[in-house]
A.B. asks: 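Encoded as structure tokens, here's the structure I'll be asking about.
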Amino acid sequence: MFEITPEEEYPEIADEFVRACRERAEARRNEWAKAHFSFAANSFVAMALNLDQIRAVAERVAASYGLDVVEVEYQGGSKHRILRVFIEKNPEGRAKLAEAAKTGDPEAALPSGVEIDKLAGITHEDCQQFSQDFGTVLDVEELVPGADYSLEVSSPGLDRQLYGEPDYRRFAGSLVKLQTFEPVAGNRHWHGRLTEVKEHFLVLDLSAVKQRGKSKKKDSANVTVEIEFANIEKANLVPEF
């Protein structure tokens, strides 16, 4: 049996050979790692949704029909994925509806107790046209990875969600329900009339509705509450009929 004793040394050429093999093996490992990292990164990017880009496309398509995009939502995982788009007539379109309602146009008749600005003014035809064109762009530009998803297009409804200060100002005077991130006066759930919109907060008149829960126990003299925009987790209109 051939053995190398501890005192024996490798020839210099053997050292060079070992180093070369190690360097090539290390290079192959690095290339393998880079290739697999690149594949994983590309797969992740391919599966990710860019909602900002999708919304920009939705707004472009909506504008061609005189519509505005209220909100874009995405729900679901690998199965049963849903992309929802809420649309409404743009201000010019809503103004025309308001004028038609004043003239007694039966097609512009309003539900009892509903103000014209609270309506989206959307028809089935609006949703169908927008959905067809928007869906085509989504598929052509592959903005939603995979073909297994549903596109839902609708108006925001009378109980529409409010998204930030512009909506608070637009719907001032309306009844709203909102939920805060942090408690305000010991309560996170509020129901009242949106009476004022200041620079960084809004004011709810609690006397406009019958209060429940913790709000009911507050001092009856405190009929208003101030809530900062940054503390509002969710806010919705409350239909009045």
Side-chain angles (χ1 to χ4, degrees), residues 32-91 93-94 114 117-168 170-171 174 176-182 188-191 229-239:
W32 183 90
K34 290 178 181 178
H36 282 71
F37 175 80
S38 176
F39 173 80
N42 290 335
S43 298
F44 176 79
V45 171
M47 292 304 294
L49 271 178
N50 188 332
L51 281 181
D52 290 337
Q53 185 179 11
I54 290 175
R55 182 179 183 118
V57 171
E59 290 175 344
R60 192 165 66 243
V61 174
S64 67
Y65 289 108
L67 306 172
D68 283 340
V69 174
V70 177
E71 186 60 21
V72 176
E73 297 179 349
Y74 177 76
Q75 294 181 344
S78 58
K79 297 182 179 179
H80 309 297
R81 298 180 301 154
I82 300 175
L83 181 64
R84 291 191 180 94
V85 183
F86 299 100
I87 57 176
E88 66 178 354
K89 294 286 189 185
N90 62 21
R94 296 198 303 271
V114 177
D117 200 43
K118 293 183 181 179
L119 293 180
I122 295 300
T123 65
H124 176 73
E125 183 180 5
D126 291 326
C127 292
Q128 186 177 31
Q129 291 176 334
F130 173 85
S131 179
Q132 181 176 350
D133 287 0
F134 180 54
T136 299
V137 177
L138 289 178
D139 293 341
V140 170
E141 298 188 7
E142 298 182 341
L143 298 180
V144 181
D148 187 19
Y149 74 95
S150 297
L151 173 61
E152 296 182 358
V153 179
S154 69
S155 73
L158 293 177
D159 59 346
R160 65 188 294 160
Q161 187 169 342
L162 305 182
Y163 300 95
E165 185 177 352
D167 276 356
Y168 304 148
R170 172 181 169 184
F171 295 105
S174 303
V176 300
K177 279 186 176 181
L178 62 80
Q179 179 176 319
T180 61
F181 290 105
E182 298 295 332
R188 292 182 58 237
H189 300 273
W190 295 95
H191 185 191
F229 299 150
N231 193 26
I232 297 176
E233 181 176 359
K234 184 179 181 181
N236 290 79
L237 290 181
V238 176

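Quick note: residue numbers are just sequence positions, from 1.
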A.B. asks: Using a strict threshold of under 4.0 Å (side-chain N to carboxylate O), is an ion pair present between K177 and D159?
C.D. replies: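 Answer for the salt bridge query: no.
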
A.B. asks: Has the side chain of D126 got a donor or acceptor atom that lies under 3.5 Å from a matching backbone atom of T123?
C.D. replies: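 It does hold such a pair.
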
A.B. asks: Determine whether a donor-acceptor pair (N or O, by modelled atom type, separation under 3.5 Å) exists between the side chain of S64 and the backbone of V61.
C.D. replies: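 Present.
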
A.B. asks: Checking K89 against L67 for the side-chain contact (heavy atoms from CB on, under 4.5 Å) test, could you report, in this order, the C-alpha distance in whole Å, the side-chain angles of both residues, the deciding distance, and whether it holds?
C.D. replies: CA-CA 4 Å; K89 294 286 189 185; L67 306 172; 4.0 Å; yes

A.B. asks: Do any N or O atoms from the side chain of R84 and from the backbone of Q75 form a donor-acceptor pair under 3.5 angstrom?
C.D. replies: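 Between the backbone of Q75 and the side chain of R84 there is no qualifying donor-acceptor contact (under 3.5 Å).
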
A.B. asks: Check E233 against T180 and note the closest heavy-atom contact, atom names and distance.
C.D. replies: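 Shortest heavy-atom separation between E233 and T180 comes out as OE1-O, 3.7 Å.
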
A.B. asks: Please report the shortest heavy-atom distance between I87 and V70, naming the atom on each side.
C.D. replies: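 Looking at all heavy atoms of both residues, the shortest contact is C-CG2, 4.2 Å.
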
A.B. asks: So L237 and L158, side-chain contact (heavy atoms from CB on, under 4.5 Å) or not? Walk me through it.
C.D. replies: CA-CA 7 Å; L237 290 181; L158 293 177; over 6 Å; no

A.B. asks: Would I54 and V85 count as a side-chain contact (heavy atoms from CB on, under 4.5 Å) here? Give the steps.
C.D. replies: CA-CA 10 Å; I54 290 175; V85 183; 6.0 Å; no

A.B. asks: Using every non-hydrogen atom in the two residues, find where F181 and I232 come nearest and quote the distance to one decimal.
C.D. replies: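 Result for this residue pair: CE1-O, 3.4 Å.
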
A.B. asks: Are more than 12 heavy atoms, taken from residues, nucleotides or ligands other than E182, located less than 6.0 Å from that residue's CD atom?
C.D. replies: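 It does not: E182 CD has 12 such atoms or fewer within range.
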
A.B. asks: Given side-chain contact (heavy atoms from CB on, under 4.5 Å), test L178 with Y168 step by step and report yes or no.
C.D. replies: CA-CA 11 Å; L178 62 80; Y168 304 148; over 6 Å; no

A.B. asks: Evaluate whether atom CD of E141 has more than 12 neighbouring non-hydrogen atoms of other residues, nucleotides or ligands under 6.0 angstrom away.
C.D. replies: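 Yes, CD of E141 has more than 12 neighbouring heavy atoms, counting only those of other groups under 6.0 Å.
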
